[in-house]
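Residue numbers count from 1 along this sequence. Keep in mind the model is a prediction, meaning the values are calculated, not measured.
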Amino acid sequence: SKTPFVERARIPSAIVVGALVVTGLLRFADAFEGLENALYDLRAKGHPAAEVSNRIVPIPVDDASTERVGKWPWPRPVTGALARDLHESGARVVLLDLTFKDASQTAAEDAQFVEVISGAGSTIAAYGGNEVADPAEDIAESQRAALASFVPRIPLHVRGAATAFPDAPVIERLNLPISGFVDTLSAGGDSGQPTIAIAKTTKDPDGKVRYMPLLFRWNPIDRAKAIADPGERRWLPTLVLATLCRWYGVDPTTLRAEPGVLILPAAHGPGENAMRDVRIPVDAGGRLLVRYAKSGVLAAPFHSAFRAR
């Protein structure tokens with residue numbers, strides 16, 4: 001029979017062997033992920049997407065625009081008028097990569113901006129956020145007012161997302177637009193009102209952007225919850241997802257998730273009569289793999305996007 005010493009020695013030995021196996025598997029997984037990323041980089045450079053849809057038209061602020069409109073930055077009513085004119089001209093989505101966080105020099109200017117842009121129903125503007133917030137840091141009064149309007153309008157309860165996306169990126173603090181603008185917003189879809197979405201990306205450990213998040217999970221600090229507690233409505237659509245919802249006429253409150261898939265129910269793009277579910281393949285963080293294109297898209301100068309009035 002085995003001695004007690006041998007019996008006792010078998011248990012630590014098994015633990016050591018198990019730890020070595022686990023360590024080896026983790027290192028293999030890291031190496032596999034690195035190889036997968038390297039292959040993706042080669043494919044993105046050597047075989048990029050053939051083309052970008054001609055339905056996407058960037059509107060840059062170029063020299064011709066500054067000569068005609070004035071020195072940048074322009075008053076917010078100018079940007080609001082651009083969004084309104086594009087909307088009235090039939091644009092399915094008007095995406096403004098601007099946050100409108102700080103108040104303008106005069107309250108009248110912001111009031112005019114809100115009045116103008118509220119008529120641009122296809123508009124999506126941006127807001128920012130921080131992954132980590134100091135619980136002791138106070139929230140400015142202007143942000144308190146914006147937050148109180150934001151919570152009942154924008155955060156979503158996405159059915160199945162908590163299980164499907166365990167690695168979803170987290171936001172603790174929001175940097176919202178002026179409260180007067182937030183008061184006019186809707187969650188999106190075909191509501192006929194402007195909306196906002198978080199403008200943020202995530203990077204791989206090597207600093208490269210290969211995936212684009214569609215949702216961030218909001219974990220508000222206690223000070224924010226004291227102003228307006230979102231309850232289960234903790235999912236924040238990114239600019240990418242908000243654009244997809246507007247393009248397909250999908251009500252964001254109907255989104256649902258399954259492992260590896262985000263589902264846009266009852267989608268119908270321009271010219272489509274039949275509705276269908278659009279299934280977007282994503283990773284465990286709810287992130288979409290980016291397909292980089294070999295060329296850009298046709299751009300229209302800022303000044304040329306205004307309608308004659």
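Side chain of E232 to main chain of H157: no donor-acceptor pair is present (N/O by atom type, distance under 3.5 Å, no hydrogens or angles). Using modelled atom types, one side-chain atom of H87 and one backbone atom of S122 make a donor-acceptor pair closer than 3.5 Å. Looking at T195, its side chain does come within 3.5 Å of a backbone N or O of S186 through a donor-acceptor pair. A donor-acceptor pair under 3.5 Å is formed between the side chain of S118 and the backbone N or O of E115. Using modelled atom types, no side-chain atom of R217 and backbone atom of R234 make a donor-acceptor pair closer than 3.5 Å. Checking side-chain atoms of S149 against main-chain N and O of S179 turns up no donor-acceptor pair under 3.5 Å. Between the side chain of R256 and the main chain of G160, no donor-acceptor pair closer than 3.5 Å is present. Checking side-chain atoms of R223 against main-chain N and O of P135 turns up a donor-acceptor pair under 3.5 Å.
With rounding to the nearest 0.5 Å, the separation of CG in L239 from CD1 in I124 is 7.0 Å. Here the CD1-OG1 distance, from I196 to T123, works out to 12.5 Å after rounding to the nearest 0.5 Å. Here the CD1-CZ distance, from I227 to F150, works out to 12.5 Å after rounding to the nearest 0.5 Å. Atoms CD and OG1, on E258 and T163 in that order, are 11.5 Å from each other to the nearest 0.5 Å. Here I198 contributes atom CD1 and I154 contributes atom CD1; the two are 11.5 Å apart, rounded to the nearest 0.5 Å. Rounding to the nearest 0.5 Å places CG of L288 at 9.5 Å from CG of L262.
Using a 4.5 Å heavy-atom cutoff, the side chains of L244 and V250 are not in contact. Side-chain contact between T243 and R246 is absent, with no heavy atoms from C-beta onward closer than 4.5 Å. When side chains are defined from C-beta on, C245 does not count as touching P237, because their heavy atoms never get closer than 4.5 Å. No side-chain heavy atom of V182 sits less than 4.5 Å from a side-chain heavy atom of Y127. No side-chain heavy atom of D183 sits under 4.5 Å from any side-chain heavy atom of V114.
V132 and I221 fall into different hydrophobic clusters, defined by Ile, Leu, Val, Met, Phe, Trp and Tyr side-chain heavy atoms under 4.5 Å apart, directly or through other members. L156 and F165 fall within the same hydrophobic cluster, defined by Ile, Leu, Val, Met, Phe, Trp and Tyr side-chain heavy atoms under 4.5 Å apart, directly or through other members. Cluster annotation: L147 is connected to I178 through the hydrophobic network of ILVMFWY side chains, with a link wherever side-chain heavy atoms come within less than 4.5 Å. V116 and I59 are members of different hydrophobic clusters when ILVMFWY side chains are connected at heavy-atom separations under 4.5 Å. One hydrophobic cluster holds both M212 and V158 under the rule that ILVMFWY side chains link at heavy-atom gaps under 4.5 Å.
Taking every heavy atom of both residues into account, L174 and Q143 meet most closely at O-OE1, 3.5 Å. The nearest pair of heavy atoms linking Q193 to L185 is NE2-O, 4.3 Å. Across all non-hydrogen atoms, the minimal contact from A133 to R173 is CB-CB, 3.6 Å. Of all heavy-atom pairs spanning H268 and G249, the tightest one is CE1-O, 3.4 Å. Counting all heavy atoms, side chain and backbone alike, P177 lies closest to A146 at O-CB, 3.4 Å. Nearest heavy atom pair, residue I171 against residue G129, reads CD1-C, 4.0 Å.
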Next on the checklist: Go through it in stages, so that I can follow the logic: the residues are W218 and V151, the test is side-chain contact (heavy atoms from CB on, under 4.5 Å), and I'd like the CA-CA distance, side-chain angles, deciding distance and then a yes or no.
Outcome noted: CA-CA 11 Å; W218 185 26; V151 168; 3.8 Å; yes
Checklist entry - Under the side-chain contact (heavy atoms from CB on, under 4.5 Å) criterion, do L255 and W235 qualify, and how do the steps go? => result CA-CA 11 Å; L255 294 171; W235 295 95; over 6 Å; no
Item to check | Working for side-chain contact (heavy atoms from CB on, under 4.5 Å), residues D204 and Y211 | outcome: CA-CA 8 Å; D204 288 340; Y211 292 85; 4.3 Å; yes
Next on the checklist: The test is side-chain contact (heavy atoms from CB on, under 4.5 Å); show your working for R144 and D138 and say whether it passes.
Outcome noted: CA-CA 10 Å; R144 287 173 175 268; D138 199 6; 3.1 Å; yes
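Under the 3.5 Å distance criterion, with hydrogens and angles disregarded, no donor-acceptor pair is assigned to the side chains of D63 and T66.
The aromatic rings of F113 and F100 lie tilted to each other, with the angle between the two planes from 30° to 60°.
Considering V261, V240, L214 in turn, L214 is the only one that fulfils the side-chain contact (heavy atoms from CB on, under 4.5 Å) rule with I280.
For D283 and R287, the salt-bridge test passes: some basic side-chain N is under 4.0 Å from an acidic carboxylate O.
Residue pairs meeting the salt bridge (charged side-chain N to carboxylate O under 4.0 Å, His left out) criterion with at least one member in residues 117-134, sequence neighbours excluded, are E131-K200. Applying the salt bridge (charged side-chain N to carboxylate O under 4.0 Å, His left out) test to every pair with at least one member in residues 97-114, sequence neighbours left out, gives these pairs: R76-D110.
Residues passing the salt bridge (Lys or Arg N to Asp or Glu O under 4.0 Å) test with R159, sequence neighbours excluded: none.
At most 12 non-hydrogen atoms from other residues, nucleotides or ligands lie less than 6.0 angstrom from CD of Q105.
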